[in-house]
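Note on naming: letters A, B, ... go to the chains in the order of the sequence lines (proteins, then strands), and numbering restarts at 1 for each one. Just so you know, these numbers use all the heavy atoms, side chains as well, and skip hydrogens, waters and symmetry mates.
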Amino acid sequence: MQGTAHEAIFMNNPGKWILPTAYDIFMMKMVHVRFAPSPTGYLHIGAARTCLINWLFVRHHKGKFILRIEDTDTARSSDKMSRGIIQALTWLGLDWDEGPIFQSKRIEIYRNKAEELVRKGKAYYCYCLPEEIQKRKKEALDSGKNWIQDRRCLRISPEEKRCFELHKKPRAIRFLVPEGEINYNDLIHGHICVQNENIEHFVLLRSDGLPTYHLSVVVDDIEQKITHIIRGDDHISNTPKQILLYQAFGVEPPEFAHQSLILGKDKKKLSKRHGVSSVLQFKEDGYLSLAILNFLAQMSWSPGEERIYSLDEMVNRFSLEKRAKGNPVFDLSKLDWLNGQLISAMTADELFPYVKTELKNANLWQDKYAKEQKEWFFRLLNLLKERSRKIKEFAVRGRPFLSDDFEYGPSGVEKYLNDKRLEELMQKLMRDFKEMQTFTAENIEHALRKRAEKEGLKAAFFIHALRMLILGMSVSPGIFDVVELLGREKTIRRVNAYFKNNPG
RNA sequence: GCCCCUGUCGUCUAGCCUGGUCUAGGACAUCGCCCUUUCAAGGCGGCAACACGGGUUCAAAUCCCGUCGGGGGCGCCA
């Protein structure tokens with residue numbers, strides 16, 4: 001009933017309608033979706049994308065979003081990683097309505113469910129050691145046979161079994177895969193069919209009493225009334241196993257949607273190997289969360305025009321059916337562009353907290369930028385934002401504005417500060433600056449061009465040299481704005497200081 | 001080896017379901033020009049793709065079959 005009704009609503013298949021009760025309608029409309037990371041590492045970019053897709057879907061359908069931490073692999077999971085994942089999600093702005101629910105606190109429940117399946121004859125005890133199975137698997141494969149699972153413990157004699165139990169031989173619980181085939185309709189891929197004979201008798205409960213992924217995920221998804229499971233393509237082959245489990249528990253399976261996997265440049269599934277860092281590393285590197293979100297969302301999805309979308313806009317436009325099936329390759333150049341677009345479009349006010357953090361890290365921050373020099377500081381932000389692609393660049397490009405402690409770029413010195421008459425000419429320009437009534441960009445430009453004309457030189461001669469002298473770099477915002485912002489006194493002081501320290 | 005998924009410019013994608021309007025559109029990157037004071041930004045332009053082979057059809061990127069390529073899975077990991 002549930003599945004059919006969902007199909008009717010979400011697959012646009014009105015032919016399948018049957019009359020639901022009021023309760024059914026309520027349940028049908030309430031989409032329950034979960035994001036279930038495993039805290040065996042930081043939240044990496046692929047997982048963040050999965051979370052985003054789930055989040056967009058559930059917000060679009062005004063459902064409930066559950067965060068579940070799948071930490072049944074006690075050896076590899078850690079609290080620290082859980083906290084890191086939560087921190088990353090918070091930074092991205094992907095909020096949840098329930099949880100985090102830790103599976104490690106529910107072990108007893110899974111254990112009982114596994115035993116229940118054994119009692120029902122849908123699962124069985126397996127006394128094989130993992131090493132034994134591995135050996136048998138290798139032998140089968142080496143002799144050219146296909147290996148699924150030899151189901152040895154299904155056939156052991158009662159005597160043998162009694163003996164194993166007597167000696168307390170460790171036992172796991174395996175699922176007894178019935179004959180037949182599994183069909184399901186993937187919301188992204190369409191119809192998928194797998195023969196049960198190709199599904200191994202997978203383990204539900206390990207010999208140490210801890211559940212495996214398949215068991216815990218299905219038990220939780222049932223209990224938490226998950227209606228849509230949206231995850232990576234790497235789970236496609238797990239889905240039939242899980243559907244089998246739903247059937248064994250007598251529950252209608254939810255809808256499944258498997259989305260493409262992000263690939264590295266070598267076309268392999270993106271992983272730590274590719275040096276692609278955690279979500280939080282992107283934050284460190286000066287990316288804005290909205291840029292990351294746009295970047296991730298627009299892999300396998302095209303919301304329309306090529307631009308930045310707010311989360312609300314993405315939520316409105318989102319649809320699983322519009323998702324592309326092919327695996328996208330991870331390429332930072334678009335992210336950089338997106339980030340640059342965002343920065344340029346931000347107001348100084350919006351930029352302020354980000355840049356403040358960055359400047360603090362670079363030891364360039366002073367409290368006066370938030371107080372008496374706030375207006376000046378905002379002017380600086382507006383000048384720098386046009387040509388910045390990452391927040392980090394504000395510290396680099398902004399340094400000579402904020403501190404006298406900066407370097408002179410050697411190639412720029414070589415190129416623009418080598419003229420024999422430079423000092424003399426610059427002193428003349430500085431005199432012009434001193435005589436100026438109001439020190440504005442307009443007046444500065446006028447004075448500089450006039451000076452150049454008098455000396456029979458191109459304005460560019462003064463412009464490039466002046467930029468090097470006062471900023472130490474050959475790249476900056478428009479020089480007249482720069483000089484105005486830096487101020488008359490500091491400009492003259494820097495020019496003089498340079499010649500004093502570099503005589504001749 | 002077996003099973004499943006997938007295949008449009010270098011990259012991200014639109015188009016595919018509902019064949020003709022596709023000499024395949026956009027964006028990023030790249031190249032060139034303009035603007036100019038450097039770098040960006042902006043404007044204009046260039047390069048660049050339907051994996052291949054069969055079919056169906058008056059007509060195929062679009063439908064069917066096959067081949068090849070790519071990815072994922074085949075754990076007492078999740």
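For the P atoms, the distance from G46(B) to C4(B) is 46 Å, rounded to whole Å. Comparing the same atom, C1', in A41(B) and in A24(B) gives a spacing of 31 Å after rounding to whole Å. A gap of 16 Å separates the C1' atoms of U23(B) and C9(B), to the nearest Å. The same atom, P, is picked in U11(B) and in G55(B); the two are 31 Å apart, to the nearest Å. One C1' atom belongs to U36(B), the other to C28(B), and the distance between them is 25 Å to the nearest Å. Comparing the C1' positions of G69(B) and C52(B) gives a spacing of 10 Å, expressed to the nearest Å. With P as the reference atom, G75(B) and G66(B) are 28 Å apart, rounded to whole Å.
When Watson-Crick and G-U wobble pairs are counted only if both distances are under 3.5 Å, C63(B) pairs with G55(B).
Side-chain nitrogen and oxygen atoms of Gln341(A) include at least one within less than 4.0 Å of the OP1 or OP2 phosphate oxygen of G42(B). Phosphate proximity of C77(B) to Ser38(A): absent, as no side-chain N or O sits under 4.0 Å from OP1 or OP2.
Here side chain to side chain donor-acceptor pair (under 3.5 Å) pairs that include residues 453-465 of chain A, with residues two or more places apart or in two chains, are Lys428(A)-Glu455(A), Arg451(A)-Glu455(A).
Remark: C1' of U6(B) and CZ of Arg323(A) are 15 Å apart, rounded to the nearest angstrom. Rounded to whole angstrom, the span from the CG atom of Asp331(A) across to the C1' atom of U30(B) amounts to 12 Å. Atom CG in Asp233(A) sits roughly 11 Å away from atom P in G7(B) (whole-Å rounding).
Aromatic ring centres of Tyr184(A) and Phe256(A) lie closer together than 6.0 Å. Two rings, from His201(A) and Tyr124(A), have their centers less than 6.0 Å apart. When ring centroids are compared, His274(A) and Phe330(A) stay outside the 6.0 Å threshold.
A donor-acceptor contact under 3.5 Å is not formed by the side chain of Thr212(A) with the base of C76(B).
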